[in-house]
Q: 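Sharing a structure here in C-alpha coordinates format.
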Protein chains: 2
Amino acid sequence: MLSKAQIKYIQSLQHKKYRQKSGQFIAEGDKIVPELLSEGVPVQEVYATTSWISAHEQLLNNVRVTAVDEAVLKQISALTTPNQAMALLNIPEPTPAVLKGVVTIALETIQDPGNLGTIIRIADWFGIKQVICSPDCVDAYNPKTIQATMGSIARVRVIESEIIPLLQEVPSYAATLHGTNIVEFKKIEEGIILIGNESRGLSDQVIAACTYRITIPRLGGAESLNAGIAAGIICGRLLI
Amino acid sequence: MLSKAQIKYIQSLQHKKYRQKSGQFIAEGDKIVPELLSEGVPVQEVYATTSWISAHEQLLNNVRVTAVDEAVLKQISALTTPNQAMALLNIPEPTPAVLKGVVTIALETIQDPGNLGTIIRIADWFGIKQVICSPDCVDAYNPKTIQATMGSIARVRVIESEIIPLLQEVPSYAATLHGTNIVEFKKIEEGIILIGNESRGLSDQVIAACTYRITIPRLGGAESLNAGIAAGIICGRLLI
(Lines give C-alpha, C1' and ligand atoms only; values in the text may rest on other atoms or scores of the structure.)
Protein backbone atom coordinates (compact mmCIF):
# COMPACT_ATOMS: atom_id res chain seq x y z
CA MET A 1 0.00 0.00 0.00
CA LEU A 2 1.11 3.52 -0.75
CA SER A 3 0.16 6.38 1.54
CA LYS A 4 -1.42 9.53 0.12
CA ALA A 5 1.85 11.34 0.75
CA GLN A 6 3.81 8.70 -1.21
CA ILE A 7 1.37 8.91 -4.11
CA LYS A 8 1.72 12.68 -4.10
CA TYR A 9 5.50 12.40 -3.99
CA ILE A 10 5.64 10.02 -6.99
CA GLN A 11 3.27 12.24 -8.95
CA SER A 12 5.46 15.25 -8.18
CA LEU A 13 8.36 13.55 -10.00
CA GLN A 14 6.60 14.17 -13.28
CA HIS A 15 7.86 17.74 -12.89
CA LYS A 16 11.48 18.73 -13.37
CA LYS A 17 11.41 21.08 -10.37
CA TYR A 18 10.57 18.24 -7.98
CA ARG A 19 13.00 15.81 -9.65
CA GLN A 20 15.79 18.32 -9.12
CA LYS A 21 14.75 18.99 -5.54
CA SER A 22 14.57 15.30 -4.62
CA GLY A 23 17.25 13.92 -6.95
CA GLN A 24 14.89 11.10 -7.91
CA PHE A 25 12.97 10.06 -11.02
CA ILE A 26 10.48 7.45 -12.15
CA ALA A 27 10.89 4.88 -14.92
CA GLU A 28 7.82 2.96 -15.90
CA GLY A 29 7.04 0.09 -18.16
CA ASP A 30 7.00 -3.67 -18.48
CA LYS A 31 10.12 -3.51 -20.60
CA ILE A 32 12.11 -0.77 -18.88
CA VAL A 33 11.75 -1.84 -15.24
CA PRO A 34 13.05 -5.41 -15.78
CA GLU A 35 15.88 -3.99 -17.91
CA LEU A 36 16.94 -1.58 -15.16
CA LEU A 37 16.86 -4.41 -12.63
CA SER A 38 18.77 -6.88 -14.76
CA GLU A 39 21.42 -4.28 -15.67
CA GLY A 40 22.08 -3.83 -11.95
CA VAL A 41 20.99 -0.19 -11.91
CA PRO A 42 20.35 0.72 -8.25
CA VAL A 43 16.56 0.87 -8.13
CA GLN A 44 15.25 2.46 -4.91
CA GLU A 45 11.80 0.93 -5.05
CA VAL A 46 9.47 -0.89 -7.41
CA TYR A 47 5.70 -0.31 -7.49
CA ALA A 48 3.92 -3.08 -9.33
CA THR A 49 0.85 -5.28 -9.45
CA THR A 50 1.04 -8.56 -7.52
CA SER A 51 0.92 -10.56 -10.76
CA TRP A 52 3.87 -8.58 -12.17
CA ILE A 53 5.78 -9.12 -8.94
CA SER A 54 5.32 -12.90 -9.02
CA ALA A 55 6.31 -13.02 -12.69
CA HIS A 56 9.55 -11.11 -11.98
CA GLU A 57 10.55 -12.56 -8.61
CA GLN A 58 14.05 -13.55 -9.72
CA LEU A 59 14.85 -9.90 -10.55
CA LEU A 60 13.56 -8.52 -7.26
CA ASN A 61 16.16 -9.87 -4.83
CA ASN A 62 17.22 -7.12 -2.44
CA VAL A 63 14.85 -4.64 -4.07
CA ARG A 64 12.19 -2.84 -2.07
CA VAL A 65 8.86 -3.68 -3.68
CA THR A 66 5.42 -2.28 -3.00
CA ALA A 67 2.40 -4.06 -4.45
CA VAL A 68 -0.16 -1.64 -5.84
CA ASP A 69 -3.43 -2.23 -7.65
CA GLU A 70 -4.19 -0.88 -11.11
CA ALA A 71 -6.19 2.05 -9.73
CA VAL A 72 -3.15 3.28 -7.80
CA LEU A 73 -0.83 2.66 -10.76
CA LYS A 74 -3.13 4.83 -12.84
CA GLN A 75 -2.84 7.57 -10.22
CA ILE A 76 0.96 7.51 -10.08
CA SER A 77 1.62 6.91 -13.79
CA ALA A 78 2.59 9.70 -16.17
CA LEU A 79 1.13 7.71 -19.06
CA THR A 80 -2.44 7.61 -20.31
CA THR A 81 -2.27 3.81 -20.37
CA PRO A 82 -0.27 2.90 -17.28
CA ASN A 83 1.95 -0.16 -17.16
CA GLN A 84 2.14 -2.94 -14.62
CA ALA A 85 5.33 -1.69 -13.00
CA MET A 86 7.17 1.50 -12.10
CA ALA A 87 10.59 2.06 -10.57
CA LEU A 88 11.88 4.86 -8.38
CA LEU A 89 15.53 5.73 -9.01
CA ASN A 90 18.11 8.27 -7.96
CA ILE A 91 19.31 10.66 -10.65
CA PRO A 92 23.00 9.68 -11.09
CA GLU A 93 25.62 12.00 -9.63
CA PRO A 94 27.08 14.27 -12.31
CA THR A 95 30.32 12.89 -13.74
CA PRO A 96 32.70 14.55 -16.20
CA ALA A 97 32.59 13.40 -19.82
CA VAL A 98 35.43 11.13 -20.97
CA LEU A 99 36.06 11.95 -24.62
CA LYS A 100 39.45 10.46 -25.61
CA GLY A 101 39.33 7.19 -27.50
CA VAL A 102 35.51 6.96 -27.68
CA VAL A 103 32.65 8.32 -29.75
CA THR A 104 30.19 10.59 -27.94
CA ILE A 105 26.91 12.17 -29.04
CA ALA A 106 26.37 15.76 -27.90
CA LEU A 107 23.01 17.49 -28.19
CA GLU A 108 22.38 21.23 -28.26
CA THR A 109 18.95 22.53 -27.23
CA ILE A 110 17.00 19.36 -28.04
CA GLN A 111 13.47 20.18 -26.89
CA ASP A 112 11.38 17.10 -27.56
CA PRO A 113 11.58 14.43 -24.83
CA GLY A 114 10.78 11.70 -27.35
CA ASN A 115 13.68 12.78 -29.57
CA LEU A 116 16.10 12.79 -26.63
CA GLY A 117 14.97 9.31 -25.55
CA THR A 118 15.24 8.00 -29.11
CA ILE A 119 18.78 9.38 -29.45
CA ILE A 120 19.79 7.72 -26.15
CA ARG A 121 18.44 4.44 -27.59
CA ILE A 122 20.41 4.96 -30.84
CA ALA A 123 23.56 5.66 -28.81
CA ASP A 124 23.02 2.43 -26.90
CA TRP A 125 22.50 0.42 -30.12
CA PHE A 126 25.80 1.69 -31.52
CA GLY A 127 27.70 1.15 -28.27
CA ILE A 128 28.03 4.82 -27.35
CA LYS A 129 28.24 5.06 -23.57
CA GLN A 130 27.48 8.74 -22.99
CA VAL A 131 25.20 11.42 -24.38
CA ILE A 132 26.05 15.01 -23.55
CA CYS A 133 23.16 17.49 -23.29
CA SER A 134 23.57 21.25 -23.32
CA PRO A 135 21.97 22.79 -20.21
CA ASP A 136 18.97 23.99 -22.24
CA CYS A 137 18.03 20.51 -23.52
CA VAL A 138 14.82 18.93 -22.28
CA ASP A 139 15.38 17.07 -18.99
CA ALA A 140 16.62 13.52 -19.56
CA TYR A 141 14.63 12.29 -16.55
CA ASN A 142 11.33 13.47 -18.00
CA PRO A 143 8.94 10.45 -18.02
CA LYS A 144 8.52 10.73 -21.81
CA THR A 145 12.29 10.65 -22.35
CA ILE A 146 12.73 7.65 -20.07
CA GLN A 147 9.90 5.90 -21.91
CA ALA A 148 11.44 6.59 -25.33
CA THR A 149 14.83 5.19 -24.29
CA MET A 150 13.16 1.76 -24.00
CA GLY A 151 15.56 0.82 -21.22
CA SER A 152 18.72 2.28 -22.77
CA ILE A 153 18.84 4.84 -19.95
CA ALA A 154 20.20 1.90 -17.93
CA ARG A 155 23.34 1.72 -20.08
CA VAL A 156 23.94 5.25 -21.39
CA ARG A 157 25.12 8.05 -19.11
CA VAL A 158 23.53 11.43 -19.73
CA ILE A 159 25.87 14.30 -18.90
CA GLU A 160 24.77 17.91 -18.76
CA SER A 161 27.52 20.18 -19.99
CA GLU A 162 28.23 23.26 -22.04
CA ILE A 163 29.22 22.02 -25.51
CA ILE A 164 31.95 24.36 -26.73
CA PRO A 165 34.57 23.65 -24.01
CA LEU A 166 34.43 19.93 -24.95
CA LEU A 167 35.31 20.53 -28.59
CA GLN A 168 39.02 21.12 -27.96
CA GLU A 169 39.80 17.56 -26.95
CA VAL A 170 38.80 15.34 -29.87
CA PRO A 171 37.57 15.75 -33.48
CA SER A 172 33.97 16.93 -33.70
CA TYR A 173 31.33 16.41 -36.40
CA ALA A 174 28.54 19.00 -36.59
CA ALA A 175 25.32 17.92 -38.33
CA THR A 176 24.30 20.82 -40.58
CA LEU A 177 22.37 21.36 -43.80
CA HIS A 178 25.33 22.86 -45.67
CA GLY A 179 28.41 20.82 -44.86
CA THR A 180 30.47 18.05 -46.45
CA ASN A 181 28.47 15.08 -47.77
CA ILE A 182 28.53 12.40 -45.09
CA VAL A 183 29.49 9.74 -47.65
CA GLU A 184 32.95 11.33 -47.78
CA PHE A 185 33.64 10.36 -44.15
CA LYS A 186 35.04 7.00 -43.10
CA LYS A 187 34.25 5.07 -39.92
CA ILE A 188 35.50 6.93 -36.85
CA GLU A 189 36.85 5.57 -33.57
CA GLU A 190 36.95 8.82 -31.60
CA GLY A 191 35.05 12.07 -31.64
CA ILE A 192 31.88 13.97 -30.83
CA ILE A 193 28.83 13.84 -33.10
CA LEU A 194 26.79 17.01 -32.62
CA ILE A 195 23.05 17.28 -33.24
CA GLY A 196 21.17 20.55 -32.80
CA ASN A 197 17.72 21.85 -32.02
CA GLU A 198 14.72 20.39 -33.88
CA SER A 199 13.90 23.55 -35.82
CA ARG A 200 17.03 25.73 -35.68
CA GLY A 201 19.77 23.07 -35.77
CA LEU A 202 23.13 23.76 -34.12
CA SER A 203 24.09 27.31 -33.12
CA ASP A 204 26.59 29.20 -35.27
CA GLN A 205 29.06 29.24 -32.37
CA VAL A 206 29.02 25.45 -32.04
CA ILE A 207 29.26 24.94 -35.81
CA ALA A 208 32.24 27.32 -35.98
CA ALA A 209 34.01 25.49 -33.14
CA CYS A 210 33.63 22.01 -34.72
CA THR A 211 36.30 20.23 -36.74
CA TYR A 212 33.92 19.00 -39.48
CA ARG A 213 30.51 20.07 -40.78
CA ILE A 214 28.64 17.02 -42.09
CA THR A 215 25.47 16.85 -44.17
CA ILE A 216 23.11 14.04 -45.09
CA PRO A 217 22.53 14.74 -48.80
CA ARG A 218 18.95 15.60 -49.66
CA LEU A 219 17.67 13.94 -52.83
CA GLY A 220 13.99 14.86 -52.58
CA GLY A 221 11.61 17.51 -51.32
CA ALA A 222 11.54 17.27 -47.50
CA GLU A 223 12.90 20.40 -45.85
CA SER A 224 14.53 18.61 -42.96
CA LEU A 225 14.82 15.33 -41.10
CA ASN A 226 13.71 14.69 -37.53
CA ALA A 227 16.65 15.12 -35.10
CA GLY A 228 16.49 11.46 -34.03
CA ILE A 229 16.47 10.23 -37.63
CA ALA A 230 19.43 12.47 -38.47
CA ALA A 231 21.34 11.10 -35.46
CA GLY A 232 20.56 7.55 -36.56
CA ILE A 233 21.68 8.10 -40.16
CA ILE A 234 24.92 9.78 -39.04
CA CYS A 235 25.71 6.95 -36.60
CA GLY A 236 24.89 4.49 -39.39
CA ARG A 237 27.58 6.12 -41.55
CA LEU A 238 30.28 7.03 -39.01
CA LEU A 239 30.17 4.09 -36.62
CA ILE A 240 29.76 0.96 -38.75
CA MET B 1 -18.41 30.50 -40.56
CA LEU B 2 -18.82 26.77 -40.30
CA SER B 3 -22.20 25.23 -39.61
CA LYS B 4 -22.63 22.72 -36.83
CA ALA B 5 -22.96 20.00 -39.46
CA GLN B 6 -19.66 21.04 -41.09
CA ILE B 7 -17.88 21.04 -37.73
CA LYS B 8 -19.27 17.59 -37.03
CA TYR B 9 -18.17 16.38 -40.46
CA ILE B 10 -14.60 17.63 -40.02
CA GLN B 11 -14.41 16.08 -36.56
CA SER B 12 -15.64 12.77 -37.99
CA LEU B 13 -12.56 12.66 -40.26
CA GLN B 14 -10.41 11.93 -37.22
CA HIS B 15 -11.79 8.38 -37.53
CA LYS B 16 -10.73 5.98 -40.26
CA LYS B 17 -14.30 4.73 -40.77
CA TYR B 18 -15.53 8.19 -41.75
CA ARG B 19 -12.43 8.94 -43.84
CA GLN B 20 -13.06 5.79 -45.84
CA LYS B 21 -16.76 6.55 -46.18
CA SER B 22 -16.20 10.11 -47.38
CA GLY B 23 -12.86 9.67 -49.17
CA GLN B 24 -11.57 12.81 -47.47
CA PHE B 25 -9.00 13.66 -44.82
CA ILE B 26 -7.70 16.64 -42.86
CA ALA B 27 -4.15 18.01 -42.80
CA GLU B 28 -3.41 20.64 -40.23
CA GLY B 29 -0.54 22.88 -39.41
CA ASP B 30 1.17 26.13 -40.25
CA LYS B 31 3.86 24.21 -42.10
CA ILE B 32 1.85 21.46 -43.80
CA VAL B 33 -1.03 23.52 -45.22
CA PRO B 34 1.21 26.01 -47.10
CA GLU B 35 3.33 23.10 -48.33
CA LEU B 36 0.28 21.29 -49.74
CA LEU B 37 -0.86 24.48 -51.43
CA SER B 38 2.52 25.36 -52.92
CA GLU B 39 3.04 21.78 -54.17
CA GLY B 40 -0.20 22.12 -56.13
CA VAL B 41 -1.96 19.33 -54.22
CA PRO B 42 -5.71 19.76 -54.88
CA VAL B 43 -6.95 21.14 -51.57
CA GLN B 44 -10.75 21.08 -51.28
CA GLU B 45 -11.01 23.74 -48.61
CA VAL B 46 -8.89 25.63 -46.10
CA TYR B 47 -10.12 26.57 -42.62
CA ALA B 48 -7.93 29.23 -41.07
CA THR B 49 -7.84 32.33 -38.93
CA THR B 50 -8.20 35.66 -40.72
CA SER B 51 -4.62 36.61 -39.85
CA TRP B 52 -3.31 33.33 -41.34
CA ILE B 53 -5.39 33.94 -44.47
CA SER B 54 -3.98 37.42 -45.02
CA ALA B 55 -0.44 36.17 -44.47
CA HIS B 56 -0.89 33.40 -47.09
CA GLU B 57 -3.01 35.21 -49.69
CA GLN B 58 -0.65 34.42 -52.56
CA LEU B 59 -1.13 30.66 -51.96
CA LEU B 60 -4.91 30.82 -51.79
CA ASN B 61 -5.77 31.66 -55.41
CA ASN B 62 -8.64 29.45 -56.56
CA VAL B 63 -8.84 27.73 -53.16
CA ARG B 64 -12.06 27.71 -51.16
CA VAL B 65 -11.24 29.32 -47.82
CA THR B 66 -13.36 29.60 -44.70
CA ALA B 67 -12.26 31.97 -41.95
CA VAL B 68 -12.70 30.48 -38.50
CA ASP B 69 -11.81 31.78 -35.08
CA GLU B 70 -9.52 29.97 -32.67
CA ALA B 71 -12.44 28.54 -30.69
CA VAL B 72 -13.76 26.78 -33.80
CA LEU B 73 -10.25 25.63 -34.81
CA LYS B 74 -9.93 24.08 -31.38
CA GLN B 75 -13.20 22.24 -31.95
CA ILE B 76 -12.23 20.85 -35.34
CA SER B 77 -8.56 20.13 -34.59
CA ALA B 78 -7.29 16.66 -33.75
CA LEU B 79 -4.38 18.22 -31.83
CA THR B 80 -4.26 19.37 -28.23
CA THR B 81 -2.67 22.62 -29.38
CA PRO B 82 -4.47 23.47 -32.60
CA ASN B 83 -2.75 25.33 -35.41
CA GLN B 84 -3.84 28.41 -37.35
CA ALA B 85 -4.85 26.48 -40.47
CA MET B 86 -6.36 23.19 -41.57
CA ALA B 87 -6.96 21.77 -45.05
CA LEU B 88 -9.61 19.37 -46.30
CA LEU B 89 -8.33 17.01 -49.02
CA ASN B 90 -9.53 14.05 -51.02
CA ILE B 91 -7.75 10.76 -50.36
CA PRO B 92 -5.93 10.07 -53.66
CA GLU B 93 -7.38 7.39 -55.95
CA PRO B 94 -5.50 4.11 -55.55
CA THR B 95 -2.78 3.69 -58.19
CA PRO B 96 -0.60 0.66 -58.83
CA ALA B 97 2.99 0.76 -57.60
CA VAL B 98 5.69 1.37 -60.23
CA LEU B 99 8.75 -0.57 -59.11
CA LYS B 100 11.15 -0.82 -62.06
CA GLY B 101 14.05 1.63 -62.06
CA VAL B 102 13.20 3.24 -58.72
CA VAL B 103 13.68 2.61 -55.01
CA THR B 104 10.52 2.04 -52.98
CA ILE B 105 9.93 1.62 -49.25
CA ALA B 106 7.40 -1.04 -48.28
CA LEU B 107 6.01 -1.35 -44.75
CA GLU B 108 4.47 -4.43 -43.20
CA THR B 109 2.08 -3.96 -40.25
CA ILE B 110 3.45 -0.63 -39.05
CA GLN B 111 1.12 0.33 -36.20
CA ASP B 112 2.31 3.68 -34.92
CA PRO B 113 1.00 6.67 -36.89
CA GLY B 114 4.05 8.75 -35.91
CA ASN B 115 6.40 6.08 -37.28
CA LEU B 116 4.50 5.91 -40.57
CA GLY B 117 4.59 9.69 -40.93
CA THR B 118 8.29 9.81 -40.09
CA ILE B 119 9.06 7.13 -42.70
CA ILE B 120 7.10 9.08 -45.34
CA ARG B 121 9.25 12.11 -44.45
CA ILE B 122 12.45 10.04 -44.75
CA ALA B 123 11.30 8.72 -48.13
CA ASP B 124 10.73 12.28 -49.27
CA TRP B 125 14.18 13.40 -48.06
CA PHE B 126 15.85 10.63 -50.06
CA GLY B 127 13.75 11.26 -53.19
CA ILE B 128 11.62 8.12 -52.86
CA LYS B 129 8.27 8.84 -54.49
CA GLN B 130 6.12 6.03 -53.09
CA VAL B 131 5.66 4.18 -49.82
CA ILE B 132 3.77 0.89 -49.94
CA CYS B 133 1.77 -0.10 -46.85
CA SER B 134 0.45 -3.60 -46.20
CA PRO B 135 -3.33 -3.52 -45.64
CA ASP B 136 -2.86 -3.94 -41.88
CA CYS B 137 -0.65 -0.84 -41.46
CA VAL B 138 -2.05 2.13 -39.56
CA ASP B 139 -4.05 4.42 -41.86
CA ALA B 140 -1.82 6.92 -43.67
CA TYR B 141 -4.54 9.59 -43.47
CA ASN B 142 -4.68 9.44 -39.68
CA PRO B 143 -4.16 13.03 -38.37
CA LYS B 144 -1.06 11.95 -36.41
CA THR B 145 0.51 10.40 -39.51
CA ILE B 146 -0.20 13.48 -41.62
CA GLN B 147 1.28 15.65 -38.86
CA ALA B 148 4.46 13.54 -38.64
CA THR B 149 5.03 13.72 -42.42
CA MET B 150 5.66 17.48 -41.97
CA GLY B 151 4.26 18.12 -45.45
CA SER B 152 5.94 15.19 -47.20
CA ILE B 153 2.52 13.63 -47.76
CA ALA B 154 2.25 16.23 -50.56
CA ARG B 155 5.11 14.60 -52.47
CA VAL B 156 5.07 10.90 -51.54
CA ARG B 157 2.31 8.57 -52.75
CA VAL B 158 1.10 6.04 -50.21
CA ILE B 159 -0.08 2.82 -51.84
CA GLU B 160 -1.91 0.09 -49.96
CA SER B 161 -0.93 -3.32 -51.28
CA GLU B 162 -0.12 -6.84 -50.27
CA ILE B 163 3.68 -7.03 -50.10
CA ILE B 164 4.61 -10.49 -51.37
CA PRO B 165 3.25 -10.15 -54.95
CA LEU B 166 5.48 -7.08 -55.43
CA LEU B 167 8.69 -8.90 -54.58
CA GLN B 168 8.96 -10.71 -57.94
CA GLU B 169 9.68 -7.61 -59.96
CA VAL B 170 12.81 -6.01 -58.49
CA PRO B 171 15.47 -6.83 -55.86
CA SER B 172 14.18 -6.55 -52.30
CA TYR B 173 15.99 -5.77 -49.04
CA ALA B 174 14.37 -7.04 -45.83
CA ALA B 175 15.40 -5.29 -42.60
CA THR B 176 15.96 -8.06 -40.04
CA LEU B 177 18.02 -8.64 -36.90
CA HIS B 178 19.93 -11.61 -38.36
CA GLY B 179 20.90 -10.78 -41.94
CA THR B 180 23.94 -9.55 -43.81
CA ASN B 181 25.68 -6.51 -42.32
CA ILE B 182 24.38 -3.46 -44.17
CA VAL B 183 27.93 -2.15 -44.68
CA GLU B 184 28.43 -4.93 -47.24
CA PHE B 185 25.81 -3.38 -49.54
CA LYS B 186 26.59 -0.68 -52.10
CA LYS B 187 24.34 2.17 -53.20
CA ILE B 188 21.26 0.85 -55.03
CA GLU B 189 19.29 2.40 -57.89
CA GLU B 190 16.34 0.01 -57.91
CA GLY B 191 14.57 -2.14 -55.36
CA ILE B 192 12.22 -2.37 -52.41
CA ILE B 193 13.40 -1.67 -48.87
CA LEU B 194 11.17 -3.55 -46.41
CA ILE B 195 10.54 -2.50 -42.82
CA GLY B 196 8.36 -4.54 -40.48
CA ASN B 197 6.21 -4.16 -37.43
CA GLU B 198 7.52 -2.18 -34.43
CA SER B 199 7.77 -5.17 -32.11
CA ARG B 200 7.70 -8.28 -34.32
CA GLY B 201 9.59 -7.01 -37.40
CA LEU B 202 8.83 -8.50 -40.83
CA SER B 203 6.85 -11.73 -41.13
CA ASP B 204 8.72 -14.94 -41.96
CA GLN B 205 6.85 -15.16 -45.27
CA VAL B 206 8.01 -11.72 -46.38
CA ILE B 207 11.59 -12.37 -45.22
CA ALA B 208 11.67 -15.65 -47.13
CA ALA B 209 10.39 -13.98 -50.30
CA CYS B 210 13.01 -11.19 -50.25
CA THR B 211 16.23 -11.17 -52.26
CA TYR B 212 18.44 -9.90 -49.40
CA ARG B 213 18.21 -9.86 -45.60
CA ILE B 214 19.99 -6.78 -44.25
CA THR B 215 20.98 -5.95 -40.68
CA ILE B 216 22.20 -2.81 -38.97
CA PRO B 217 25.01 -4.17 -36.79
CA ARG B 218 24.40 -3.77 -33.07
CA LEU B 219 27.46 -2.64 -31.14
CA GLY B 220 25.84 -1.97 -27.76
CA GLY B 221 23.03 -3.05 -25.49
CA ALA B 222 19.76 -1.81 -27.01
CA GLU B 223 17.51 -4.67 -28.04
CA SER B 224 16.12 -2.94 -31.10
CA LEU B 225 15.85 0.32 -32.98
CA ASN B 226 12.65 2.26 -33.59
CA ALA B 227 11.19 1.39 -37.04
CA GLY B 228 11.61 4.96 -38.30
CA ILE B 229 15.24 5.09 -37.16
CA ALA B 230 15.96 1.75 -38.84
CA ALA B 231 14.39 3.01 -42.08
CA GLY B 232 16.51 6.17 -41.89
CA ILE B 233 19.77 4.30 -41.28
CA ILE B 234 19.07 1.85 -44.13
CA CYS B 235 18.25 4.69 -46.55
CA GLY B 236 21.41 6.44 -45.35
CA ARG B 237 23.43 3.39 -46.41
CA LEU B 238 21.64 2.21 -49.57
CA LEU B 239 20.63 5.49 -51.21
CA ILE B 240 23.58 7.85 -50.83
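Here is the naming used below: chain letters follow the sequence lines, and residue numbers restart at 1 for every chain.
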Q: Working note: Arg237(A) + Ile240(B), criterion side chain to side chain contact (heavy atoms under 4.5 Å, CB included); need CA distance, chi angles, decisive distance, verdict.
A: CA-CA 10 Å; Arg237(A) 298 280 334 184; Ile240(B) 55 176; 3.7 Å; yes

Q: Checking heavy atoms, do the side chain of Lys31(B), its backbone, both or neither come under 4.5 Å from chain A?
A: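 Just its side chain gets close to chain A.
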
Q: Kindly write out the residues that satisfy side chain to side chain contact (heavy atoms under 4.5 Å, CB included) with Ile91(B), not counting sequence neighbours, or none if the list is empty.
A: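 Listed in chain order: Arg19(B), Phe25(B), Tyr141(B).
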
Q: Could you please state which residues from residues 218-231 of chain B sit under 4.5 angstrom from chain A, measuring non-hydrogen atom to non-hydrogen atom, sorted by number, or 'none'?
A: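 Residues Arg218(B), Leu219(B), Gly220(B), Gly221(B), Ala222(B), Glu223(B), Ser224(B), Leu225(B), Asn226(B), Gly228(B), Ile229(B) are the ones that qualify, each having a heavy atom under 4.5 Å from chain A.
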
Q: Run the side chain to side chain contact (heavy atoms under 4.5 Å, CB included) test against Thr211(B) and tell me which residues pass, sequence neighbours left out.
A: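 With neighbours one apart ignored, the set is Pro171(B), Ser172(B).
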
Q: Non-hydrogen atoms of chain A under 4.5 Å away: do they reach the side chain of Ile128(B), the backbone, both or neither?
A: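 Neither part.
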
Q: Quick check on the structure: residues of residues 98-122 of chain B within a heavy-atom distance below 4.5 Å of chain A, by number.
A: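 Those residues of residues 98-122 of chain B which have a heavy atom under 4.5 Å from chain A are Thr118(B), Arg121(B), Ile122(B).
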
Q: Do Trp125(A) and Ile233(B) touch side chain to side chain, with heavy atoms closer than 4.5 Å?
A: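 A side-chain contact is absent here, since even the closest heavy-atom pair is not under 4.5 Å.
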
Q: Are there over 12 heavy-atom neighbours, none belonging to Glu70(A), within less than 6.0 Å of that residue's CD?
A: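 Result for CD/Glu70(A): open.
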
Q: Give, as side chain, backbone, both or neither, the part of Ile182(A) having an atom under 4.5 angstrom from any heavy atom of chain B.
A: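 The side chain, not the backbone.
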
